[in-house]
Amino acid sequence: MTRFNGAYDPFDPNVHEDPYPIYAKLRDQAPAYWAQSANTWVLSRYDDVSSALADPETFSSAKGIFPSPPGIDQSELFLPMLIMTDPPRHTQLRALVSRGFTPRRIALMEAAIKRTTDHLLEQVPEGPWDFVAEFAGPLPAIVIAEMMGVPAEDRDQFRAWSSTLVKSNPLSGARDGIAAAASIYEYFAGFLAERRNAPKRDLISDLVMADVGGERLSDDEVLGFCLLLLVAGHETTTNLLANSVVILAQRPQDRTRMANDTAVLSSAIEELLRYDSPVQGLSRTLTRDITLHGETLSAGQTALLLFGSANRDEHAFPGPDEFKVDRQPGRQVALGRGLHFCLGAALARMETRVALHALLNHRTFTWHPDMPAAKRLHSGPIRGYASLPVQ
């Protein structure tokens with residue numbers, strides 16, 4: 001095994017505080033690293049991560065997307081999910097569920113997202129408040145709930161289920177996460193028959209009625225997609241917004257440029273995704289033996305693809321540890337790449353653009369996060385804050 005000056009465990013809370021120094025060591029000293037504690041290979045260089053994302057025949061998603069104990073097949077713990085399928089079934093499923101994420105449908109949501117953003121900002125107190133609990137968390141929760149036709153009174157419960165799932169550690173059994181998934185399945189199961197008999201103008205109706213060439217989603221596939229959308233739809237935007245507030249707090253000149261120029265704002269969102277990726281990495285399972293950087297990665301083993309490290313690779317991004325508001329990092333992989341590119345990427349970008357524009361132009365938001373009081377979200381793949389007090 002490759003040795004380097006340190007050790008890496010994606011579930012180590014100490015790593016979560018600032019993973020980027022150890023990522024640099026991995027890229028330099030052990031680009032194919034066996035993380036014994038997590039039972040996985042770790043790929044940290046941009047070219048390796050990007051190549052793996054483009055090669056689903058070798059790097060399969062079908063058995064799970066997180067490091068797991070030996071012998072555990074995550075696909076047996078959850079109902080079928082788009083993110084844990086390979087072609088040809090992935091191609092069929094994506095064609096069906098993408099009907100709910102057309103550019104026209106996403107564009108029509110912007111006015112409602114603006115209203116929700118303004119409403120949330122009107123509710124925050126004049127004194128210190130929690131940016132995650134009172135803004136960054138509720139905003140995508142409300143958007144996703146409205147898309148799915150979920151009553152407003154259930155949104156806090158959704159947020160709690162989502163939080164439980166992302167904090168779950170597959171290496172220690174993940175009982176709480178599995179229980180949360182079961183609760184989500186049970187909740188949405190009641191919607192399916194109702195929507196099949198009387199469709200409404202919501203995403204669940206679109207899913208149950210979707211038909212491509214006579215192919216329809218099974219109930220299990222609809223429920224699996226509800227789980228995926230709930231977690232991915234909440235956590236990506238929530239943590240991108242919280243990370244953004246921390247990054248921009250010390251950059252008043254960048255904030256001024258972003259507030260005054262929508263093109264700069266759009267470019268800055270791509271740089272925010274690159275600089276502190278809300279999804280730090282996902283796993284794949286090897287379908288065949290490969291040799292990489294002198295190491296043999298065997299069929300059946302997993303490889304954790306570190307998006308967060310790839311996005312800080314100096315060979316792909318000059319001066320990667322510097323935030324540049326107008327960098328335009330088109331090659332960043334924060335939202336994946338290839339056939340598993342994030343289906344909700346356009347929605348996440350729109351939510352972030354609307355929210356940041358409102359914050360940047362808000363009369364009282366001071367951009368003073370209380371970092372000593374902030375609490376990190378401790379999750380293997382997700383980087384963000386469980387709590388972020390602001391003045």
Side-chain angles (χ1 to χ4, degrees), residues 61 65-66 74-75 77-85 90 92-103 105-106 108-109 112-113 116 136-152 154-166 168 177 180-192 195 199-210 216-241 278-279 282 335-336 339-352 379 381-382:
S61 301
I65 54 172
F66 307 118
Q74 291 169 34
S75 66
L77 301 177
F78 301 99
L79 293 179
M81 284 193 287
L82 180 68
I83 201 171
M84 291 199 296
T85 57
H90 177 274
Q92 297 163 340
L93 288 176
R94 185 141 183 150
L96 287 164
V97 301
S98 63
R99 296 296 181 89
F101 290 86
T102 62
R105 179 165 190 155
I106 298 300
L108 289 173
M109 297 173 64
I113 293 172
T116 300
L139 175 60
I142 292 170
V143 171
I144 293 298
E146 289 183 348
M147 284 184 71
M148 301 176 83
V150 171
D154 293 339
R155 291 168 187 166
D156 287 345
Q157 179 61 73
F158 270 31
R159 176 72 180 149
W161 283 332
S162 176
S163 179
T164 298
L165 277 161
V166 300
S168 180
S183 296
I184 293 167
Y185 298 147
E186 182 180 4
Y187 179 88
F188 280 111
F191 282 63
L192 300 191
R195 295 301 197 272
K200 298 183 179 181
R201 297 183 64 182
D202 59 36
L203 181 59
I204 294 182
S205 296
D206 288 347
L207 293 174
V208 299
M209 302 304 294
R216 286 198 170 190
L217 294 166
S218 68
D219 282 0
D220 281 356
E221 288 168 336
V222 174
L223 293 175
F225 188 75
C226 288
L227 174 67
L228 175 62
L229 182 61
L230 176 63
V231 177
H234 280 179
E235 299 302 330
T236 301
T237 303
T238 293
N239 293 300
L240 176 56
L241 285 172
V279 180
L282 295 174
L335 299 174
L339 61 88
H340 281 290
F341 179 71
C342 177
L343 185 65
L347 177 59
R349 286 183 168 112
M350 177 192 287
E351 290 174 319
T352 304
S379 165
I382 306 296

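Worth saying up front: this structure is predicted, and the values here are computed from it rather than measured. Numbers for residues simply follow the sequence, beginning at 1.
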For this session: Can you sort out the partners of Phe191 under ring-ring contact (aromatic ring centres under 6.0 Å, His included), two or more places apart, ordered by chain and number?
Result: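 Once residues adjacent in sequence are excluded, the partners of Phe191 under the ring-ring contact (aromatic ring centres under 6.0 Å, His included) criterion are Tyr187, Phe188.
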
Seminar exercise, completed: Applying ring-ring contact (aromatic ring centres under 6.0 Å, His included) to Phe78 and not counting sequence neighbours gives none

Exercise. Listed by chain and number, what are the side-chain contact (heavy atoms from CB on, under 4.5 Å) partners of Ser61, not counting sequence neighbours?
Worked result: Asp86, Arg284, His340

Problem set entry | Listed partners of Ala210 passing side-chain contact (heavy atoms from CB on, under 4.5 Å), at least two apart |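 In terms of side-chain contact (heavy atoms from CB on, under 4.5 Å), with neighbours along the sequence ignored, Ala210 is linked to Leu96.
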
Please tell me if the side chains of [X] and [Y] come closer than 4.5 Å, counting only heavy atoms from C-beta onward.
| X | Y | result |
| --- | --- | --- |
| Val279 | Leu335 | no |
| Glu146 | Met109 | no |
| Met148 | Ile204 | yes |
| Leu241 | Thr352 | yes |

Would you name the heavy atoms of [X] and [Y] that are closest together and state the gap between them?
| X | Y | result |
| --- | --- | --- |
| Leu207 | Leu217 | O-CD1, 3.6 Å |
| Gly336 | Phe341 | O-CD1, 3.5 Å |
| Val208 | Arg216 | O-NH1, 3.9 Å |
| Thr238 | Ala136 | OG1-O, 2.8 Å |
| His90 | Leu82 | CD2-O, 3.3 Å |
| Glu351 | Thr237 | OE1-OG1, 2.8 Å |

For this session: Start with the C-alpha distance between Leu223 and Leu192, add both sets of side-chain angles, then the distance that settles side-chain contact (heavy atoms from CB on, under 4.5 Å), and finish with yes or no.
Result: CA-CA 9 Å; Leu223 293 175; Leu192 300 191; 3.9 Å; yes

What's the separation between atom [atom1] in [X] and atom [atom2] in [Y], rounded to the nearest 0.5 Å?
| X | Y | atom1 | atom2 | answer |
| --- | --- | --- | --- | --- |
| Arg195 | Leu203 | CZ | CG | 10.5 Å |
| Ser205 | Lys200 | OG | NZ | 7.5 Å |
| Ile113 | Leu139 | CD1 | CG | 7.0 Å |

Side chains of residues 225-234: which donor-acceptor pairs under 3.5 Å do they make with residues two or more places apart or in other chains?
from: His234; atom 1: ND1; to: Leu230; atom 2: O; distance (Å): 3.4

Seminar exercise, completed: Quick note, side chain to side chain donor-acceptor pair (under 3.5 Å) partners involving residues 220-229, not counting sequence neighbours, are Arg89-Glu221, Ser218-Glu221

Problem set entry | Met147/Leu347 under side-chain contact (heavy atoms from CB on, under 4.5 Å): CA gap, chis, key distance, verdict | CA-CA 11 Å; Met147 284 184 71; Leu347 177 59; 3.7 Å; yes

